[in-house]
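This report refers to the structure that appears directly beneath it.
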Amino acid sequence: MKRLLITGAGGGLGRAMRSRLAGFAETLRLSDIVDLGPAGPNEETVVCDLGDADAVMKLVEGCDGILHLGGVSVEDKFSKILNANLLGLYNLYEAARAHGQPRILFASSNHVVGFYRQDEHIDVKAPMKPDGLYGVSKCFGEALARMYFEKFGQETALVRIGSCFEKPINHRMLSGWMSYDDFASLIDCVFRAPMLGCPIIWGISDNDSKWWDNSHASYLGWKPKDNAERFRAELDAKGRPEPASPAAVYQGGMFTQDPIFAED
């Protein structure tokens, strides 16, 4: 690949992928709404508000692939989610359509199914049950990507990330955790696949405890190697959540209890 665009490159996940994907393309174009500091070797940095259609059009020009991590990543006021996660995503897809339809990996979320219980095991055919406005924005993103695929042939991997940190930080993540290295290997599979389509992929490592079935995406050849189980004893030592707590009941955890945040 000549140029890979990473949006949201200033976030925790963006920073982790910035180092791991350093040799993946001849040039990494890194973008965020905040200053990313000086560009490293084979890097370009661009400050861009995804809600600015003209800026996004310029951002996508010349890119062979897009790793879309940008946007609001937690529950927030609707106005903030609207700009980054809805309008911003529409701007990104319109820019991709104008510039040759580079393949996209869209960071969706487990929060599109957050109201399923932790004792339920589901596949990608399960109806969405978003646990908040953030989850709703990811439902919109998946629907938008599907429309652009069906109407224009725009390929997108819809990766429903459970949680992607250095290690799981609570018991819920023992089922939904994906390591940085496993995510990097998934990115590699997505952009190297001869044909992608528009699959939903559960973004999880090879955890002993799983809620989600990824068998439909086996054609990509992705084989995650890490397992959250090795952190169970460490988390148990810190205490387990109360059985009736949303953190122990719902796949979306405490997101199911977030209010609708009032606008200023």
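These values consider heavy atoms only, across backbone and side chains, with no hydrogens, waters or symmetry-generated copies. This is a predicted model, so every value here is computed, not measured. This chain uses plain numbering: 1 for the first residue, then up along the sequence.
The stretch residues 64-88 participates, sequence neighbours left out, in these salt bridge (Lys or Arg N to Asp or Glu O under 4.0 Å) pairs: Lys77-Asp264. Contacts classified as side-chain hydrogen bond (donor to acceptor under 3.5 Å, both in side chains) and involving residues 141-151 (residues at least two apart or in different chains) are given here: Glu94-Tyr148, Ser108-Glu142, Glu142-Arg160, Arg146-Glu150.
No side-chain heavy atom of Val159 sits less than 4.5 Å from a side-chain heavy atom of Phe106. Side-chain contact between Met1 and Glu26 is absent, with no heavy atoms from C-beta onward closer than 4.5 Å. Side-chain contact between Arg103 and Leu196 is present, with at least one heavy-atom pair separated by less than 4.5 Å. Ile104 has its side chain out of reach of Glu155: every pair of non-hydrogen atoms, C-beta onward, lies at least 4.5 Å apart. Contact annotation: the side chain of Phe191 approaches that of Leu4 to within less than 4.5 Å [non-hydrogen atoms, C-beta and beyond]. When side chains are defined from C-beta on, Asn110 does not count as touching Trp211, because their heavy atoms never get closer than 4.5 Å.
The two residues Leu220 and Ala193 have their closest heavy-atom pair at CD2-CB, 3.8 Å. Listed here is the closest heavy atom pair of Ser31 and Cys48: OG-CB, 3.5 Å. Considering every non-hydrogen atom in both Tyr134 and Val72, the closest pair reads CE1-O, 3.1 Å. Residues Ile81 and Val74 come closest through the heavy atom pair CD1-O, 4.5 Å. Nearest approach of Gly71 to Ala84, heavy atoms of both residues: CA-CB, 3.8 Å. Residues Ile204 and Ser175 share a closest heavy-atom pair of CG2-O, 3.9 Å.
Once rounded to the nearest 0.5 Å, the distance linking CG of Leu186 with CG of Asn214 reads 8.5 Å. Annotation: the span from Met17 atom CE to Leu28 atom CG amounts to 12.0 Å, rounded to 0.5 Å. Note: Leu5 CG to His68 NE2 = 9.5 Å, rounded to the nearest 0.5 Å. To the nearest 0.5 Å, atom CZ of residue Arg29 and atom CG of residue Asn42 are 13.5 Å apart. Annotation: the span from Ile187 atom CD1 to Ile6 atom CD1 amounts to 7.0 Å, rounded to 0.5 Å. Rounding to the nearest 0.5 angstrom, the gap separating the NE2 atom in His99 from the CG atom in Leu59 is 9.5 Å.
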- request: Could you give me the CA-CA distance, side-chain angles and deciding distance for Asn227 and Asp208, then say whether side chain to side chain donor-acceptor pair (under 3.5 Å) is met?
  value: CA-CA 7 Å; Asn227 188 337; Asp208 285 357; 2.7 Å; yes
- prompt: How far apart are the C-alpha atoms of Asn83 and Asp49, what are their side-chain angles, what is the distance that settles it, and do they pass the side chain to side chain donor-acceptor pair (under 3.5 Å) test?
  reply: CA-CA 9 Å; Asn83 182 71; Asp49 180 349; 3.2 Å; yes
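A salt bridge between Arg232 and Asp236 is absent, with no side-chain N of the basic residue lying under 4.0 Å from a carboxylate O of the acidic one. Residues Arg20 and Asp181 are paired through a salt bridge, judged by an N-O separation under 4.0 Å between the basic side chain and the carboxylate. Ion pair Lys167/Glu234 flagged as a salt bridge, since at least one NZ, NE, NH1 or NH2 atom sits closer than 4.0 Å to an Asp/Glu carboxylate oxygen.
Taking the six-membered ring for Trp and the full ring otherwise, the centers of Tyr250 and Tyr116 sit at least 6.0 Å from each other.
Within 6.0 Å of the OH atom in Tyr90, the count of heavy atoms belonging to other residues, nucleotides or ligands does not exceed 12. Counting heavy atoms of neighbouring residues, nucleotides and ligands inside a 6.0 Å radius, atom CD of Glu263 exceeds 12 of them.
In this model, no donor atom of one side chain and acceptor atom of the other lie less than 3.5 Å apart for Asn91 and Asp54. Judged by distance alone, the side chains of Asp213 and Ser215 do bring a donor and an acceptor atom under 3.5 Å apart. Ser205 and Asp182 form a side-chain donor-acceptor contact under 3.5 Å, judged by distance and modelled atom types alone. With hydrogens and angles left out, the side-chain atoms of Asn85 and Ser137 include a donor and acceptor closer than 3.5 Å. Side-chain N/O atoms of Thr156 and Tyr93 include a donor and acceptor closer than 3.5 Å. Thr256 and Asp131 share no side-chain donor-acceptor pair at under 3.5 Å.
Judged by distance alone, with hydrogens and angles left aside, the side-chain atoms of Glu61 form no donor-acceptor pair with the main-chain N or O of Lys58 at under 3.5 Å.
Under the side chain to side chain contact (heavy atoms under 4.5 Å, CB included) criterion, Cys164 pairs with Leu13, Ile161, Met178, Tyr180, Phe183, not counting sequence neighbours.
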